Amino acid sequence: MRSAIALLALAIFISGCAQRRAPPAEPAPAPAPSAPVTPPVVTASVARTLDLYKVEVAQRIYAASSDISAGRPQDLLRAVIVLSIVLDRNGQPSRVSIQRTPGDPEAEQRAIQSVQRGAPYPRPSNAVLRGASGIEFSETWLFNDDGRFQLRSLAQTQAGG
């Protein structure tokens with residue numbers, strides 16, 4: 001009897017040590033259909049002067065960029081890039097070109113790309129357009145050594161200034 005109990009205990013022990021199979025995995029649910037990307041809403045500018053419109057454009061570039069530097073620009077900047085920007089009456093860039101550069105191709109490219117990422121811009125008001133089919137203006141990118149930038153229209157005075 002004792003040996004029967006010992007065998008039964010051994011059988012129970014061995015069955016407890018056996019590998020158990022995991023239940024078959026359920027198939028992963030199909031990804032939900034992606035929502036259509038809606039283009040940003042283009043609003044009309046409330047600016048009545050070109051300088052005020054440039055501030056609206058700069059704010060849009062800041063909102064679309066992750067390379068913005070906070071605080072005052074450093075005293076000796078890595079690069080100062082001046083771009084000529086032409087926007088049509090709908091706020092779309094029709095031309096972006098370099099007016100001034102210290103010859104820093106990376107900074108030049110990043111400045112141009114930041115204009116493209118910020119588009120479309122608010123539609124210029126009739127007061128800013130003055131009957132033209134678009135507007136042209138210059139904006140200045142102030143690049144710190146860390147590669148982050150500010151725009152002259154929104155920047156504080158430089159650290160040494």
Side-chain angles (χ1 to χ4, degrees), residues 22-161:
E26 292 185 27
S34 59
V37 176
T38 55
V41 176
V42 179
T43 59
S45 171
V46 295
R48 296 285 174 225
T49 67
L50 182 56
D51 285 339
L52 292 175
Y53 184 73
K54 285 175 60 173
V55 168
E56 289 182 358
V57 169
Q59 289 169 336
R60 186 80 172 218
I61 291 171
Y62 272 38
S65 297
S66 61
D67 301 345
I68 302 301
S69 176
R72 301 175 97 174
Q74 66 191 40
D75 191 28
L76 295 173
L77 295 164
R78 167 186 162 182
V80 176
I81 309 289
V82 180
L83 297 183
S84 171
I85 301 168
V86 178
L87 301 179
D88 66 19
R89 67 181 323 106
N90 293 315
Q92 289 289 347
S94 57
R95 190 182 79 222
V96 179
S97 59
I98 298 170
Q99 279 186 324
R100 179 176 176 247
T101 179
D104 184 335
E106 179 190 349
E108 293 169 3
Q109 192 62 30
R110 289 179 51 216
I112 292 169
Q113 288 172 347
S114 70
V115 173
Q116 300 301 334
R117 276 194 311 269
Y121 296 96
R123 289 186 308 273
S125 67
N126 289 334
V128 172
L129 284 170
R130 296 182 180 187
S133 62
I135 59 169
E136 181 174 3
F137 59 91
S138 298
E139 182 59 86
T140 305
W141 275 250
L142 308 170
F143 281 90
N144 283 338
D145 288 336
D146 65 2
R148 299 172 81 74
F149 66 85
Q150 291 187 29
L151 298 176
R152 173 79 69 203
S153 294
L154 297 176
Q156 299 175 19
T157 57
Q158 284 178 267

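Keep in mind it's a predicted model, so treat the numbers as computed, not measured. For reference, positions follow the sequence shown, starting with 1. Computed over heavy atoms, backbone and side chain alike; hydrogens, waters and symmetry mates excluded.
- For the pair Gln150 (side chain) and Ser69 (backbone), a donor-acceptor distance under 3.5 Å is present.
- Once rounded to the nearest 0.5 Å, the distance linking CG of Leu151 with CZ of Arg60 reads 14.5 Å.
- Taking all atoms of both residues into account, the shortest heavy-atom contact from Leu87 to Gly91 is CD2-O, 4.1 Å.
- The shortest heavy-atom contact between Pro93 and Gln116 is CG-OE1, 4.3 Å.
- The shortest side-chain heavy-atom distance between Arg89 and Arg123 does not fall under the 4.5 Å cut-off.
- Heavy-atom minimum distance, Glu139 versus Ser153: OE1-OG, 2.5 Å.
- The shortest non-hydrogen separation linking Tyr121 to Ser114 is OH-O, 3.9 Å.
- Put simply, the side chain of Asn144 never gets that close to the backbone of Asp146: no donor and acceptor are under 3.5 Å apart.
- Atom CD of Gln109 and atom CD1 of Ile98 lie 8.0 Å apart (nearest 0.5 Å).
- Between Lys54 atom NZ and Ile61 atom CD1 the span is 10.5 Å, to the nearest 0.5 Å.
- Classified by interplanar angle (parallel below 30°, tilted 30° to 60°, perpendicular above 60°), the ring pair Phe149/Tyr62 is perpendicular.
- Under a cut-off of 6.0 angstrom, the local environment of CZ in Arg100 is sparse, with at most 12 non-hydrogen atoms contributed by other residues, nucleotides or ligands.
- Across all their heavy atoms, Pro102 and Val80 have their closest contact at CD-O, 3.4 Å.
- The minimum heavy-atom distance between Leu50 and Glu136, with the atom names listed, is CD2-O, 4.3 Å.
- Summarising the local packing, CZ of Arg78 is surrounded by more than 12 heavy atoms from other residues, nucleotides or ligands at distances under 6.0 Å.
- With respect to Glu106 and Arg110, a salt bridge is recorded, a charged nitrogen being found less than 4.0 Å from a carboxylate O.
- In this structure a side-chain-to-backbone donor-acceptor pair under 3.5 Å is missing from Ser65 to Ile68.
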